[in-house]
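Computed from a predicted model, the values in this text were never measured in an experiment.
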Amino acid sequence: NLSFFHIPISYMLLYTLLILGTGVWLFLLSQGLASSEGIGITLSKIIQTPEPKSLHNFFEVAAPHMFAMGTLMFVVAHFMLFSTKISQRISLIVSMLLFVFLLFNIFSYGAISLGFVVSGWIKLLSMALFVGMFVVLLGMVAISL
């Protein structure tokens with residue numbers, strides 16, 4: 001009975017949203033979010049003076065992120081193969097954009113560590129694009145249930 005597939009897919013969607021939320025929260029914590037400061041102050045600090053980054057830390061962060069985030073996106077995007085409500089072309093475009101935004105998100109860290117960009121706006125922009133597109137993909141999976 002195919003109706004039982006809705007249960008694990010629904011749990012996967014909830015679990016993925018929680019992973020995404022905790023990832024954003026951990027990013028903000030690593031950038032100096034303290035309990036006495038608000039998110040607005042932390043975001044302005046990231047834009048004006050991002051935390052110092054090194055090339056060694058870039059490779060330390062990029063490798064597991066590319067693997068873990070890529071695997072998660074791969075699994076979620078594959079649910080779109082079985083969708084009859086959303087066209088395969090739109091699913092392919094969203095999936096490819098998501099992988100492009102993932103690479104942009106990871107390599108924005110490298111741009112800061114190599115000194116190409118001195119402001120943290122690129123990291124915030126890349127994260128917003130990635131999270132936004134991932135939420136769109138999760139919404140497409142939810143619609144396809």
Going by atom type alone, with no hydrogens or angles, which donor-acceptor pairs under 3.5 Å involve a side-chain atom of residues 88-98 and a protein atom two or more places apart or on another chain?
residue, atom, partner, partner atom, Å
Gln88, NE2, Leu81, O, 3.3
Ser91, OG, Ser87, O, 3.1
Ser95, OG, Ser91, O, 2.9

inquiry  = Filter on side chain to side chain donor-acceptor pair (under 3.5 Å), then keep only pairs touching residues 127-145, sequence neighbours left out; what's left?
reply    = Ser83-Ser144
Sequence neighbours excluded - side chain to side chain donor-acceptor pair (under 3.5 Å) pairs with any residue from residues 8-24 = none
side-chain contact (heavy atoms from CB on, under 4.5 Å) against Val131, all qualifying residues, sequence neighbours excluded = Leu20, Val24, Met127, Val135
Residues that Phe74 engages under side-chain contact (heavy atoms from CB on, under 4.5 Å), provided they are two or more places apart = His78
Let me confirm one number: the [atom1]-[atom2] distance from [X] to [Y], rounded to the nearest 0.5 Å.
X: His6; Y: Ile9; atom1: NE2; atom2: CD1; answer: 7.5 Å
X: Phe104; Y: Ile122; atom1: CZ; atom2: CD1; answer: 4.5 Å
X: Ile143; Y: Leu138; atom1: CD1; atom2: CG; answer: 11.0 Å

ask   = Is there a chain of hydrophobic side chains (I, L, V, M, F, W, Y, each step under 4.5 Å between heavy atoms) that links Met12 to Leu14?
value = no
inquiry  = My understanding is that only residues two or more places apart in sequence, or in another chain, count here; which of them pass ring pair (Phe, Tyr, Trp, His ring centres under 6.0 Å) with Phe107?
reply    = Phe58
ask   = Leu129 and Phe101: which non-hydrogen atoms are nearest, and at how many Å?
value = O-CD1, 3.6 Å
task = Considering non-hydrogen atoms only, spot the tightest contact between Phe67 and Thr71 and give its length.
result = O-OG1, 2.7 Å
Any side-chain heavy atom of [X] within less than 4.5 Å of one from [Y]?
X: Phe79; Y: Met140; answer: no
X: Lys123; Y: Asn105; answer: yes
X: Val76; Y: Phe134; answer: yes

inquiry  = Consider side-chain contact (heavy atoms from CB on, under 4.5 Å). Of Ile106, Leu125, Leu102, Leu103, which one does Phe130 pass it with?
reply    = Leu102
